[in-house]
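Just so we're on the same page: letters track the sequence lines, and every chain starts at 1.
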Number of protein chains: 2
Amino acid sequence: MIGTGLEREVTRRSGVALWRQIADQIRQAISSGALGADGRLPPELALSERFGVNRHTVRSAIAALVQEGVLRAEQGRGTFVETRRRLSYPIAARTRFSEGLEGQARDRHSILLSHAVGPASSRVSEALGLPQDAPVLRLETMGEADGRPVSRATSFFDASCFAGFENAFARTGSITAALWEFGVPDYVRRSTLVSARHADSADLADLRLSPGAIVLVTVAINETLGGSPLQFSETRFAADRVELSVSGRA
Amino acid sequence: MIGTGLEREVTRRSGVALWRQIADQIRQAISSGALGADGRLPPELALSERFGVNRHTVRSAIAALVQEGVLRAEQGRGTFVETRRRLSYPIAARTRFSEGLEGQARDRHSILLSHAVGPASSRVSEALGLPQDAPVLRLETMGEADGRPVSRATSFFDASCFAGFENAFARTGSITAALWEFGVPDYVRRSTLVSARHADSADLADLRLSPGAIVLVTVAINETLGGSPLQFSETRFAADRVELSVSGRA
DNA sequence: TAATATTTGTGCGTATGTATG
DNA sequence: CCATACATACGCACAAATATT
């Protein structure tokens with residue numbers, strides 16, 4: 001039980017159920033590689049003694065993780081880790097969804113969930129260099145890798161320049177390809193802000209996450225080579241499936 | 001109640017008490033700036049109707065946040081936000097703690113919590129280009145801005161080159177200044193991986209976070225201008241106090 | 001092959017915590 | 001402050017599947 005990444009104590013009357021605290025620790029220990037190197041979880045009795053709780057409580061934690069797809073329990077044999085490696089999503093001058101995950105997943109594509117045109121909020125108009133309330137196109141998209149949802153993005157474009165852009169995107173499944181059709185041969189990342197928070201209910205559903213899951217949020221501006229803002233986007237990545245790789249020597 | 005950042009639903013039987021879910025949402029909405037722009041929280045009755053819970057439950061959430069120092073309740077007047085803005089920590093070729101937060105906090109410094117010399121794990125030896133089990137110096141440090149804990153880092157250095165480095169760091173409160181004393185005039189960031197997870201109990205205590213809080217984790221390698229690895233570090237940032245700003249056009 | 005130990009699965013009664021009205 | 005309902009956690013016992021001797 002040493003070096004399993006399960007060294008934290010559980011806290012009673014904290015507003016978080018013991019089974020959930022234990023589930024969180026096991027999930028964390030697995031994703032950090034400290035647990036499940038042999039693919040096997042310690043027996044329920046050992047875990048209950050380690051945490052000082054009843055075996056039922058450990059079983060509740062395990063049941064939740066089985067439901068999540070993190071663990072698999074087999075009667076009489078034990079409980080095993082369903083290994084899935086974390087994708088590494090590069091943030092660089094040329095940040096492209098499909099290219100970035102090349103070699104990490106066979107099938108990589110983006111899906112258009114919905115689109116709308118409306119007046120820009122102050123944040124969006126400022127980022128795109130447009131007058132307040134100028135019409136902007138909003139795209140709600142989702143990135144998938146091998147059928148697993150990876151990211152959920154909300155993007156904004158100048159509606160006067162990119163009328164019908166949603167069709168090009170829906171057809172190609174790629175911002176890069178759609179921009180090409182609109183006469184933008186290349187574009188670069190101007191800025192990226194990274195933060196993290198709990199997933200909201202919409203992202204929970206879209207990304208198929210369990211309550212309490214964390215999303216990595218990037219707020220980015222892409223611009224032409226000439227420096228004109230093209231796209232403003234907020235992307236939510238499932239934090240247990242993705243890490244962001246910032247290219248060095250910027 | 002629109003645009004207050006309190007759009008998420010609360011989930012029953014999720015293992016997280018309703019009062020805690022509501023407290024987490026209010027805390028998040030405040031730190032994201034969506035709530036408390038006017039410094040004022042909506043009345044308890046409005047909140048209880050919004051979340052579909054009893055007013056008692058909202059009061060439990062508010063009481064927890066008052067205890068945390070996030071809110072301040074005044075009988076007969078209302079509940080108010082103790083405003084504090086989120087710091088923006090730049091990730092770039094030259095990533096320095098104190099310089100990065102310049103202009104965002106008056107007092108910025110790092111504290112040495114503890115240090116030790118021991119054999120390198122495979123991850124550390126690989127990052128530093130050392131043989132397995134080579135002796136490395138481990139520094140446990142904390143970054144503070146205006147007296148508030150911001151980050152908690154674990155750093156590794158080649159012990160054979162940096163014997164006594166901990167004294168230079170403890171005296172100067174800066175990795176950059178301490179490296180200077182050891183004949184390293186400049187260094188750059190080779191790579192940065194960004195992920196997010198729930199804070200563990202140690203970080204919870206050091207960063208003075210409440211259970212369930214999120215940390216942004218950066219795993220970074222700094223190297224000399226010549227390209228020799230200098231420092232391997234894992235830094236945990238309190239996600240509700242810090243966002244990471246990745247410099248564009250890498 | 002048979003006996004025994006290990007491990008997960010199930011049921012039930014009780015006490016306590018959480019949320020409602 | 002109280003009564004009620006439900007979720008959480010505990011303790012014990014035993015069944016079912018698998019592993020070990």
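- A salt bridge between A:Arg152 and A:Glu144 is absent, with no side-chain N of the basic residue lying under 4.0 Å from a carboxylate O of the acidic one.
- As rounded to whole Å, 14 Å separates atom P of C:dT18 from atom CD1 of B:Ile22.
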Open item on the list: At under 4.0 Å between heavy atoms, how does the protein contact nucleotides 10-20 of chain D? Give one character per nucleotide, 5' to 3', with B, S or -.
Closed with: SBB---BBBS-
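- At whole-Å resolution of the value, CH2 in B:Trp19 and P in D:dA7 are 19 Å apart.
- Going from atom CZ of B:Arg59 over to atom P of C:dG21 covers 17 Å, rounded to whole Å.
- No contact: A:Ser60 has no heavy atom under 4.0 Å from any strand.
- Rounded to whole Å, atom C1' of C:dT6 lies 12 Å from atom CZ of A:Phe80.
- Screening residues 124-136 of chain B for side chain to side chain donor-acceptor pair (under 3.5 Å), with sequence neighbours left out, gives no hits.
- For the residue pair A:Thr154 and A:Arg236, a side-chain donor N or O sits within less than 3.5 Å of a side-chain acceptor on the partner.
- To the nearest angstrom, C1' of C:dT18 lies 16 Å from CZ of A:Arg20.
- No more than 12 heavy atoms of other residues, nucleotides or ligands shown are found within 6.0 angstrom of CZ on B:Arg123.
- B:Leu41 places a side-chain heavy atom less than 4.5 Å from the side chain of B:Ile62.
- Among B:Asp240, B:Leu207, B:Val242, B:Thr235, the single residue meeting the side-chain contact (heavy atoms from CB on, under 4.5 Å) criterion with B:Val215 is B:Leu207.
- Rounded to whole Å, the distance from CD on B:Glu49 to P on C:dG21 is 12 Å.
- A straight line from CG of A:Leu45 to P of C:dA5 spans 15 Å, rounded to a whole angstrom.
- Nucleotide C:dT7 holds its C1' atom 12 Å from the CG atom of A:Leu47, rounded to whole Å.
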